[in-house]
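What follows is a single structure, written as structure tokens, with notes after it.
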Amino acid sequence: MNKQDDLRLSFEFFPPKTEEGRTKLLKVREELSELQPEFFSVTYGAGGSTRDNTKGIIVEFKNQGVSVAPHLSFGGDDEDTMKTLLQEYLDAGVDRIVALRGDMPSGMGGAFQMVYANQLVAFIRKHFDNQFHLEVAAYPEIHPEATSYDDDVRYLKGKFDAGADSALTQYFYSPDAYFYFMDQCQRAGIDKPIYPGIMPILNYRNLIRFSDNCGADIPRWLRKRLESFGDDIASVKAFGIDLVSELCETLLDNGAPGLHFYTMNQTDPTATIVRNLGLD
Ligand code: FAD
């Protein structure tokens with residue numbers, strides 16, 4: 001079996017807000033399909049704010065014969081609403097969910113319930129048995145609200161104990177963070193696959209802002225390097241492709257079971273990185 005055969009690729013999108021964005025995403029999806037991912041996932045706005053958009057694009061992809069996974073969290077919804085939505089996904093032929101607690105949307109206050117991801121996994125297993133493959137989130141650099149490293153690993157174990165099948169990680173640029181985390185997960189008794197999340201580098205300022213919010217570390221040397229390119233977008237992109245291709249190679253050479261790309265709804269740089277790795 002060659003390298004491609006046993007590695008899993010998946011690509012993440014966010015739901016487009018406009019008709020133009022939708023048309024563009026359909027084309028990106030087609031281009032990325034050439035790389036034969038196991039599935040495409042579509043994010044869920046904080047508190048369920050993109051419920052209809054996420055469902056719309058997921059069902060559209062599914063109707064085109066593509067394997068998909070909507071991201072899902074309770075947000076402000078009650079159990080009946082969640083059951084209905086999950087049943088609608090099943091009826092559309094969707095058999096994979098990325099189950100999350102999600103973040104509190106700004107201005108939503110009391111309507112948001114902190115339903116932890118392990119509770120959502122248990123809820124789906126209780127009402128839908130094993131009809132969905134369940135992915136959950138994992139944080140090699142530890143979730144920003146975690147009470148400790150070990151607690152975060154313990155809660156990840158709780159998600160698997162509740163019935164999750166595999167995990168997708170937050171992105172990171174330090175492979176050691178992932179390898180150490182994998183060791184800790186193994187020690188905690190987790191034996192399910194944990195796929196590294198890969199964020200291609202497109203725009204320095206957006207990356208810094210986004211990373212500060214979600215607790216992903218941009219090492220000082222990398223900040224300085226990216227800073228030095230200033231507004232030279234082409235150099236940022238070329239450097240980013242080399243750096244992220246090397247990161248992926250290191251991860252795969254050392255046992256990562258596949259890669260989950262945060263595509264930012266763009267064919268490139270994801271496609272170039274995958275081709276650099278010889279996975280096309
Ligand atoms: P949980 O696993 O529930 O953990 C949340 C925090 O609580 C952690 O600090 C954990 O240590 C702690 N914890 C966990 N379980 C318990 C428990 N039972 N009791 C007490 N504490 C506990 N957000 C979106 O809004 N939409 C998306 O589409 C989306 N997609 C994502 C995809 C990936 C691959 C990743 C890595 C993240 C994504 N996020 C998304 C972000 C995610 O929703 C946030 O990071 C959120 O803050 C935590 O979600 P979670 O499912 O990891 O939460």
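For ligands, and for the atoms within them, numbers begin at 1 and follow the listed sequence.
No donor-acceptor distance shorter than 3.5 angstrom exists from the side chain of Arg275 to the backbone of Asp280, with no hydrogens or angles considered. Distance alone, capped at 3.5 Å, is enough to place a donor-acceptor pair between the Thr23 side chain and the Glu19 backbone. Using a distance-only test at 3.5 Å, with no hydrogens or angles considered, a donor-acceptor pair links the side chain of Asn265 to the main chain of Phe14.
Within a 6.0 Å sphere centred on CG of Asn63, other residues, nucleotides and ligands contribute more than 12 heavy atoms. The environment of CD in Gln36 is sparse: at most 12 heavy-atom neighbours from other residues, nucleotides or ligands sit within 6.0 Å.
When only interatomic distances are considered, the shortest N/O to N/O separation between Leu100 and ligand 1 does not fall below 3.5 Å. Considering backbone and side-chain N/O atoms, Asp103 comes within less than 3.5 Å of an N/O atom of ligand 1. Residue Gly102 has at least one nitrogen or oxygen atom sitting less than 3.5 Å from a nitrogen or oxygen atom of ligand 1, judged on distance alone. Taking only nitrogen or oxygen atoms, main chain and side chain alike, Glu12 does not reach within less than 3.5 Å of ligand 1.
Against a heavy-atom cut-off of under 4.0 Å, Gln170 is close to the following atoms of ligand 1: 36 (C). When each atom of ligand 1 is checked for a heavy atom of Thr43 under 4.0 Å away, the hits are 28 (O). Atoms of ligand 1 lying under 4.0 Å from at least one heavy atom of Ala137, given by number and element, are 35 (C), 36 (C), 52 (O). Atoms of ligand 1 lying under 4.0 Å from at least one heavy atom of Glu145, given by number and element, are 9 (O).
Remark: among candidates Arg101, His260, Lys159, the nearest residue to atom 2 (O) of ligand 1 is Lys159, based on non-hydrogen atoms.
The nearest protein atom to atom 10 (C) of ligand 1, hydrogens excluded, is given as Asp152 OD1, 3.4 Å; this is a heavy-atom distance. In this structure, the protein non-hydrogen atom closest to atom 26 (N) of ligand 1 is Tyr44 O, 2.6 Å. Remark: minimum distance from atom 3 (O) of ligand 1 to any protein heavy atom is reached at Ala117 N, 2.9 Å. Scanning the protein for heavy atoms near atom 30 (N) of ligand 1, the closest one is His71 ND1, 2.9 Å. For atom 8 (C) of ligand 1, the closest non-hydrogen atom of the protein is His143 ND1, 3.3 Å. The protein heavy atom nearest to atom 16 (C) of ligand 1 is Tyr155 CD2, 3.2 Å. Taking atom 42 (C) of ligand 1 as the reference point, the nearest protein heavy-atom neighbour is Tyr139 OH, 3.5 Å. Protein heavy atom closest to atom 4 (O) of ligand 1, with residue, atom name and distance, is Tyr116 CD2, 4.4 Å.
Not a single heavy atom of Asp151 sits less than 4.0 Å from an atom of ligand 1. Using a 4.0 Å cutoff on heavy atoms, Tyr262 counts as a contact of ligand 1. In this structure, Phe14 does not count as a contact residue of ligand 1, since none of its heavy atoms falls inside 4.0 Å of the ligand. Heavy-atom separations between Val98 and ligand 1 are all 4.0 Å or longer.
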Pair up each side-chain donor or acceptor in residues 186-194 with any protein partner under 3.5 Å, not counting sequence neighbours, and list the distances.
none

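Of the residues Tyr262, Tyr44, Phe39, Phe40, the one that meets the ring-ring contact (aromatic ring centres under 6.0 Å, His included) test with Phe13 is Phe40.
A heavy-atom distance below 4.5 Å is found between the side chains of Leu86 and Phe123.
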- Start with the C-alpha gap between Phe229 and Tyr204, add the side-chain angles, then the distance that decides, and say whether ring-ring contact (aromatic ring centres under 6.0 Å, His included) holds. CA-CA 9 Å; Phe229 293 123; Tyr204 170 64; 9.4 Å; no

- Task: Report the C-alpha separation of Asp6 and Arg8 in whole Å, then their side-chain angles, then the decisive distance to 0.1 Å, and conclude whether the salt bridge (charged side-chain N to carboxylate O under 4.0 Å, His left out) test is met.
- Result: CA-CA 7 Å; Asp6 47 8; Arg8 188 185 96 171; over 6 Å; no

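Neither the backbone nor the side chain of Gln119 has any atom closer than 4.0 Å to an atom of ligand 1 (non-hydrogen atoms only).
The side-chain hydrogen bond (donor to acceptor under 3.5 Å, both in side chains) analysis of residues 167-176, with sequence neighbours excluded, yields the pairs Tyr171-Ser211.
In this structure, the ring of Tyr195 has its center no less than 6.0 angstrom from the ring center of Phe261.
Of the N and O atoms on the side chains of Asp242 and Ser245, not one donor lies less than 3.5 Å from an acceptor on the other residue.
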